[in-house]
Amino acid sequence: MGERVVAIYPHPDDETFGKGGALALHVKQGDTVTVVCATLGQMGRNMGKPFFANRESMPDIRRKELDAACHALGVTDVRLLGLHDKTIEFEDPERVAGMIFNIVQELRPTRVYTYYPGHGVHPDHDALARATIQAIRKLPPDQRPVVYASAITRNRIEACGEPDVVLDVSSVFAEKIAAMKAHRSQSEASMKRMEADIEAHPERKEEIEAPFKTERYWIYQVS
Amino acid sequence: MKAINANDVQSLLTAMVDTDVYLHLETTNGSYAALHDENAMSVCVFIRNDVIRFERASIQGSGPYRVGLKLPKGWVYATGLTDYEVNDRGELLLAGHDADGRLAVGLELSRHPFRE
Ligand SMILES: [Zn+2]
């Protein structure tokens, strides 16, 4: 029997950047994959290059980008929690954990992807990761999913040790790039920069693309 | 959005003088500023759907622009504004974008509440 995977992140694009490869691999393997997106990234700073989004059109644009990116990864089940970007840490933690608990109870995941609490850099990443751990803690120990956590702080190795999983996602590189491009408002500037780099230095293509072909996860022990 | 036309913005602002308007005001250097540069701080502030009433409104500069709203007992102002739009909901959006098209500052005014 395959894995039941739930990826729990606050922003449209979190499921793609640094993690899209793992999710696409799950889909390829026949696992069931659900993406939970807590906000619509309403406060995103990137507006496209040249910019086409504005503060008020952003939620609709990013909702569509999320669907397109998940489609590129092969993920069909996308759930929204309806929270507001940059505010999760100010919500009642029990309420947020409760929202996640409901989903976890319904889907009974064997594996959960989220940020590593305290190592998510963005306050929303940390707050939602904490809420996710809190929700999982409500499950009996033998029913708890394995938590694949993303640590993105500078001192992550120092603090969390070497990653437990170094995943080669080169077989789904095309899917991952398509998902990154689908988040056009957020990725257009950086994708254009990368493409220009490759055009200027074709001999360095492998080297430029390499960071996107490996993903790193820490198994977070829920105690 | 398009590059600010100061005359146009001035008349849009003037039309809102002495009426209750909803305010969205924000500035940010991004939540990852400190990750990319150890010496930087991530700084952001935003206020959304507060109601204000101003007695004088003025756009200044030659681009990027500055907008100041004089309240009966205080001020609202934003600098670094480069682009504007009146969207299909009738909201006046003013924003300052950097060379990569990233929003650095936003000032928005509307007679109706902004979406939550
Ligand atoms: Zn994020």
Side-chain angles (χ1 to χ4, degrees), chain A residues 10-11 13-14 17-18 39-63 82-90 115 119-128 150-156 184-194 196, chain B residues 1-4 22-49 78 80-116:
Chain A
H11 312 119
D13 80 5
D14 290 332
F17 289 90
T39 83
L40 289 175
Q42 294 94 329
M43 295 298 287
R45 195 163 63 112
N46 292 297
M47 297 286 168
K49 190 182 181 183
F51 58 86
F52 60 90
N54 63 52
R55 180 57 70 241
E56 301 309 316
S57 62
M58 181 134 277
D60 292 337
I61 287 171
R62 294 197 73 179
R63 173 73 236 256
L83 299 174
H84 195 284
D85 196 7
K86 289 196 173 183
T87 66
I88 298 178
E89 63 183 326
F90 307 118
Y115 280 97
H119 288 275
V121 176
H122 193 300
D124 283 342
H125 294 174
D126 283 334
L128 197 70
S150 299
I152 61 171
T153 47
R154 282 167 174 269
N155 70 337
R156 57 187 184 169
R184 186 182 149 210
S185 67
Q186 303 308 297
S187 66
E188 201 165 32
S190 58
M191 296 302 285
K192 278 186 176 163
R193 219 175 293 127
M194 182 166 93
Chain B
M1 299 184 98
K2 53 180 196 275
I4 282 178
Y22 290 84
L23 169 73
H24 171 103
L25 180 67
E26 70 170 290
T27 179
T28 179
N29 64 351
S31 298
Y32 302 99
L35 181 68
H36 298 315
D37 174 2
E38 256 174 314
N39 298 317
M41 294 188 296
S42 290
V43 179
C44 170
V45 63
F46 93 98
I47 180 168
R48 186 166 176 84
N49 274 336
L81 299 166
T82 55
D83 299 279
Y84 85 122
E85 171 180 322
V86 176
N87 69 11
D88 51 14
R89 294 164 53 86
E91 299 157 348
L92 171 60
L93 317 182
L94 297 156
H97 296 100
D98 69 13
D100 274 329
R102 286 177 304 208
L103 185 141
V105 58
L107 168 63
E108 306 179 352
L109 298 164
S110 168
R111 292 181 199 279
H112 311 286
F114 293 100
R115 295 199 301 185
E116 277 174 41

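Here is the naming used below: chain letters follow the sequence lines, and residue numbers restart at 1 for every chain. Since the model is a prediction, treat every value here as computed from it, not as a measurement.
- Using a 4.5 Å cut-off between non-hydrogen atoms, the part of residues 106-116 of chain B that approaches chain A consists of B/E108, B/F114, B/R115, B/E116.
- Between chain B and the residues A/R154, A/K49, A/H84, A/E188, the largest count of heavy-atom pairs under 4.5 Å involves A/R154.
- Comment: A/E56 engages B/R48 in a salt bridge, judged by a side-chain N to carboxylate O separation of less than 4.0 angstrom.
- Shortest non-hydrogen contact noted between A/F51 and B/G101 is CB-O, 3.8 Å.
- Interface remark: B/D100 contributes backbone and side-chain atoms alike to the contact with chain A (heavy atom separation under 4.5 Å).
- B/K2 and B/E85 are not joined by a salt bridge, as no carboxylate oxygen comes within less than 4.0 angstrom of a charged side-chain nitrogen.
- Contact record, A/D124 with A/I88: OD1-N, 3.3 Å, taken as the closest heavy-atom pair.
- Atom CZ in B/F46 sits 8.5 Å away from atom CD in A/Q42 (nearest 0.5 Å).
- A/K86 touches chain B through its side chain: at least one heavy atom from C-beta onward sits under 4.5 Å away, while N, CA, C and O do not.
- No side-chain donor-acceptor contact under 3.5 Å links B/N49 and B/H24.
- If you tally non-hydrogen atom pairs under 4.5 Å between each of A/M43, A/H122, A/R55 and chain B, the highest count goes to A/R55.
- Contact of A/T153 with chain B is made through the backbone alone, with heavy-atom distances under 4.5 Å.
- In summary, the aromatic rings of A/H125 and A/H11 are positioned with their centroids under 6.0 Å apart.
- With rounding to the nearest 0.5 Å, the separation of OG1 in A/T39 from CG in A/L83 is 7.5 Å.
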